[in-house]
Amino acid sequence: MTDFFDSEIVQDELREINKLQEFVYGDLYEFPNLSHEDKKEHIEKLSELLERQRVMYTRLSLSEDDEAKKLKEQLQESIQVMGFPPGTDIQVLFSGMTQTIEKLRQYVD
């Protein structure tokens with residue numbers, strides 16, 4: 001591990017992100033069949049996941065650690081797989097996801 005990933009704060013945050021991902025992806029295909037309250041909980045967890053991912057990306061961006069820089073580059077490149085043009089800032093993805101979550105929240109309410 002590196003200094004960045006050795007940090008207890010970073011490790012705790014990565015564990016929380018992982019738990020949220022498991023929760024969100026576990027219910028993903030069942031979402032249409034969830035109760036109203038369960039849908040609201042799912043959306044809140046999704047929103048929390050996105051915010052934690054955004055914070056982690058910011059931490060990666062501010063770090064001088066080589067492994068953190070490498071992961072940031074990999075994340076930046078991975079958005080091309082989602083159809084974004086090369087060089088697109090990942091913040092564009094985060095903004096789009098935030099808008100999608102808000103639309104989903106409005107739909108459920």
Between K19 and E16, does a salt bridge (Lys or Arg N to Asp or Glu O under 4.0 Å) hold up when you go through it step by step?
CA-CA 5 Å; K19 283 184 356 187; E16 284 301 313; 3.2 Å; yes
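E51 contributes atom CD, which lies 10.5 Å from atom CD1 of I17 (distance to the nearest 0.5 angstrom). I79 contributes atom CD1, which lies 7.0 Å from atom CE of M82 (distance to the nearest 0.5 angstrom). Atom CD of E64 and atom CG of L62 lie 9.0 Å apart (nearest 0.5 Å). Remark: R52 CZ to L14 CG distance equals 11.0 Å, nearest 0.5 Å. E67 CD to D3 CG: the interatomic distance, rounded to the nearest 0.5 Å, is 11.0 Å. Atom-to-atom distance recorded for L20:CG and E48:CD is 4.5 Å, nearest 0.5 angstrom.
Checked against I90 for a side-chain contact (heavy atoms from CB on, under 4.5 Å), the options Q76, Q53, E77, K72 give a single hit: Q76.
S61 places a side-chain N or O within 3.5 Å of a backbone atom of Y57 that can act as its donor or acceptor partner.
More than 12 heavy-atom neighbours from other residues, nucleotides or ligands sit within 6.0 angstrom of CD on Q74. In L28, the CG atom is crowded: over 12 heavy atoms of neighbouring residues, nucleotides or ligands sit closer than 6.0 Å.
In this structure the side chain of R59 reaches within 4.5 angstrom of the side chain of I9, judged on heavy atoms. Side chains of F4 and L71 form no contact here, defined as non-hydrogen atoms less than 4.5 Å apart. Side-chain contact between L104 and F31: present, with at least one pair of heavy atoms (C-beta onward) separated by less than 4.5 Å. Residues K40 and I43 form no side-chain contact, since every pair of their non-hydrogen atoms from C-beta on lies 4.5 Å or further apart.
Under the 4.5 Å side-chain contact rule for hydrophobic residues, F5 and M56 share a cluster. Hydrophobic clustering, with ILVMFWY side chains joined whenever heavy atoms are under 4.5 angstrom apart, keeps V55 apart from L75.
Ion pairing between a basic and an acidic side chain is recognised when a charged N comes within 4.0 Å of a carboxylate O; E102 and R105 show such pairing.
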Give the table of side-chain donor-acceptor pairs shorter than 3.5 Å for residues 92-101, with sequence neighbours excluded, one pair per line with atom names and distance.
| unit_1 | atom_1 | unit_2 | atom_2 | d |
| --- | --- | --- | --- | --- |
| S95 | OG | Q91 | O | 3.1 |
| T98 | OG1 | R54 | NH2 | 2.9 |
| T98 | OG1 | F94 | O | 2.9 |
| T100 | OG1 | G96 | O | 3.0 |

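Applying the salt bridge (Lys or Arg N to Asp or Glu O under 4.0 Å) rule to E30 yields no partners; only residues at least two apart in sequence or on another chain are considered.
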